[in-house]
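Single-structure report; data block below.
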Amino acid sequence: MAGPEDELWVDDEAGPVVRPFAVARGRTRHAHKGLDLIAVVVTAEVPMPDPRTLAPEDEAILELCVVPQSVADVAAALTLPLGLVRVLLSDLSDRGLIGIRRPATAGLPDQRLLKEVIDGLRAL
């Protein structure tokens, strides 16, 4: 019969493991539009909240995003699933602790420019 220690989720190097849905308190969707992979996240210049109100993942995000990071880079740096990171970023944004900037979208390129590119490629 398995003892209580056998039932723990443990990684020998990392210690106890918490499932992603537990970190996000069961939520799988984020509230903010614009949290695509290339959106840029930066820690807001506000006083830091009481550390007791932040999860370890929240603290890691705030430390990481002192230098602007894309959503994809945050997920990769924290080795967390993208969906979970989006939920956490949405929560931090709601609290005013981070800013999220969508990348500027350029208009459609000029047809003349596209034709010149195609002609140049064909000339190769």
Report whether [X] and [Y] are members of the same hydrophobic cluster (ILVMFWY, side-chain heavy atoms less than 4.5 Å apart, transitive linking).
| X | Y | value |
| --- | --- | --- |
| I38 | V74 | no |
| V40 | L64 | no |
| L84 | L82 | yes |
| M48 | L89 | yes |

Going by side-chain contact (heavy atoms from CB on, under 4.5 Å), V117 matches just one of D119, L114, L121. Which one?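 Answer after filtering D119, L114, L121: L121.
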Among L62, V67, L92, L97, which residue satisfies the side-chain contact (heavy atoms from CB on, under 4.5 Å) criterion with T43?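 Testing each of L62, V67, L92, L97 against T43, the sole residue satisfying side-chain contact (heavy atoms from CB on, under 4.5 Å) is L62.
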What's the spacing between C65 SG and I98 CD1 if we round to 0.5 Å?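 Interatomic distance, C65 SG to I98 CD1, rounded to 0.5 Å: 6.5 Å.
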Atom CG in D91, atom CG in D58: separation rounded to 0.5 Å?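 Rounded to the nearest 0.5 Å, the CG-CG separation comes out at 7.0 Å.
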Derivation of the side chain to side chain contact (heavy atoms under 4.5 Å, CB included) call for R95 and L54: CA-CA 11 Å; R95 294 175 64 185; L54 296 173; 3.6 Å; yes
Minimum heavy-atom distance between L37 and S70, given as atom pair plus value: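 Looking at all heavy atoms of both residues, the closest pair is O-CB, 3.6 Å.
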What are the two closest non-hydrogen atoms of G96 and A44, and how far apart are they?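 Smallest heavy-atom distance, with atoms named: O-CB, 3.4 Å.
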Apply side chain to side chain contact (heavy atoms under 4.5 Å, CB included) to residues L78 and E57 and explain how you reach the verdict. CA-CA 8 Å; L78 299 178; E57 295 81 11; 5.5 Å; no
Dump the intermediate steps for side chain to side chain contact (heavy atoms under 4.5 Å, CB included) on V71 and D36, then the final yes or no. CA-CA 7 Å; V71 172; D36 55 9; 5.8 Å; no
